[in-house]
J.: 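Following this message is one structure expressed as structure tokens.
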2 protein chains.
Amino acid sequence: MPKLITKIKEYRAKTNMKQEELAQLIGVRRETIGHLENGKYNPSLKMAMDIAKVFMVPVEELFQFID
Amino acid sequence: MPKLITKIKEYRAKTNMKQEELAQLIGVRRETIGHLENGKYNPSLKMAMDIAKVFMVPVEELFQFID
DNA sequence: TTATTAAGTTATAAATATATAACATTAGGA
DNA sequence: TCCTAATGTTATATATTTATAACTTAATAA
């Protein structure tokens, strides 16, 4: 079972963005962002790319699977 | 409803790889690769990154959402 | 202390991806 | 042409993500 590591929280902090704001920008729920930040599951490619676009970084900069 | 465009088939052709071979490399079914190549759905981030790794390209080079 | 805002967490429902199996179609070589 | 391998396609089952709602916790300010 590979674990997902993400830098979403760091990029949010860097830009003073709340979970709620990010969620609205990409059209998902706040809880979904929270779960994702805490590695609860493997998101869809669309959602991952939408978030990467918000922070203007490549998907691989934001997400990494370990193991 | 955004449409998914992918270059998987092109990269497979470039390296003479069958759907079945790619599927086994990343641990999914042949039909799953087929459906993905034909834009049937939005894959998981893990699967997208696994495929990108096989062809040694960034995720964004392989997948693009239109609209 | 009380109130408020952001984030964590849990349970359940709904939506969607993926597996599975079966059959159809296409392309290429003998 | 006939065979065969590769791919397309469809239906259904299973697994997983995401939505929803509710409650909790942490931090901060009044």
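In the text below, chain A, chain B and the rest are named by the order of the sequence lines, each starting its count at 1.
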J.: Would you mind reading off the distance between A:R30 atom CZ and C:dG8 atom P, rounded to a whole angstrom?
T.: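 From A:R30 CZ to C:dG8 P: 9 Å.
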J.: To the side chain of B:S44, which of C:dA19, C:dT18, D:dG8 is closest?
T.: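 From the listed options, C:dT18 comes nearest.
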J.: Measure CZ/B:R12 against P/D:dA5 and give the value in whole Å, please.
T.: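 One finds 17 Å between P of D:dA5 and CZ of B:R12, rounded.
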J.: Hey, could you give me the NZ/CD1 distance between A:K7 and A:I51, rounded to the nearest 0.5 Å?
T.: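 Between atom NZ of A:K7 and atom CD1 of A:I51 there are 15.0 Å.
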J.: Taking only the side-chain heavy atoms of B:Q19 (C-beta and beyond), determine which of D:dG8, D:dT20, D:dT18 contains the nearest atom.
T.: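 Looking only at heavy atoms from C-beta outward on B:Q19, the closest nucleotide is D:dG8.
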J.: Provide, to the nearest angstrom, the distance between the NZ atom belonging to B:K18 and the P atom belonging to C:dG28.
T.: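 Taking NZ of B:K18 and P of C:dG28, I get 11 Å after rounding.
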J.: Give the rounded distance in Å between these two atoms: CD of A:Q24 and C1' of C:dA6.
T.: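 The distance from CD of A:Q24 to C1' of C:dA6 comes to 14 Å, rounded to the nearest Å.
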J.: For B:I8 and D:dG8, give me the distance from atom CD1 to atom P, rounded to whole Å.
T.: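 Rounded to the whole Å, the gap is 12 Å.
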J.: At under 4.0 Å between heavy atoms, which parts of nucleotides 10-15 of chain D does protein reach? Answer with one letter per nucleotide, 5' to 3': B base, S sugar-phosphate only, - none.
T.: B-----
J.: Consider the side chain of B:R29, meaning its heavy atoms from C-beta on, and name the nucleotide among C:dG8, C:dA19, C:dA22 that approaches it most closely.
T.: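 Nucleotide nearest to B:R29's side chain: C:dA19.
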J.: What integer distance in Å separates B:L36:CG from C:dA19:C1'?
T.: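 Going from B:L36 (CG) to C:dA19 (C1'), I get 15 Å.
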J.: Under 4.5 Å between any side-chain heavy atoms of A:Q19 and A:L22, yes or no?
T.: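 Sidechains of A:L22 and A:Q19: no contact.
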J.: Looking at A:K46, I'd like to know whether one of its side-chain N or O atoms comes within less than 4.0 Å of OP1 or OP2 on C:dA17.
T.: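 Answer is no, no contact under 4.0 Å.
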J.: How long is the gap from CD on A:E37 to OG1 on A:T6, to the nearest 0.5 Å?
T.: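 One gets 7.0 Å once the value is rounded to the nearest 0.5 Å.
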J.: Among the candidates C:dT18, D:dG8, C:dG8, find the nucleotide nearest to the side-chain atoms of B:Y41.
T.: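 It is C:dT18.
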J.: Which pair of heavy atoms, one from A:L36 and one from A:Y41, lies closest together, and at what distance?
T.: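 That would be CD1-O, 3.7 Å.
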J.: Does the pair B:E21/B:R12 count as a salt bridge with the N-to-O cut at 4.0 Å?
T.: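 So B:E21 does not pair with B:R12 through a salt bridge.
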J.: Below 4.0 angstrom, N of the basic side chain to O of the carboxylate: do B:E20 and B:K18 qualify?
T.: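 No, this pair does not count.
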J.: Atom CD of A:E20 and atom P of C:dG8: how far apart are they, to the nearest Å?
T.: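 Computing the A:E20:CD to C:dG8:P distance gives 13 Å.
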J.: Will you find, in the side chains of A:Q64 and A:E60, an N or O donor that is under 3.5 Å from an N or O acceptor?
T.: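 Note: A:Q64 and A:E60 side chains miss the donor-acceptor criterion.
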J.: Please report, rounded to the nearest Å, how far the C1' atom of D:dT16 is from the CG atom of B:N42.
T.: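 One finds 13 Å between C1' of D:dT16 and CG of B:N42, rounded.
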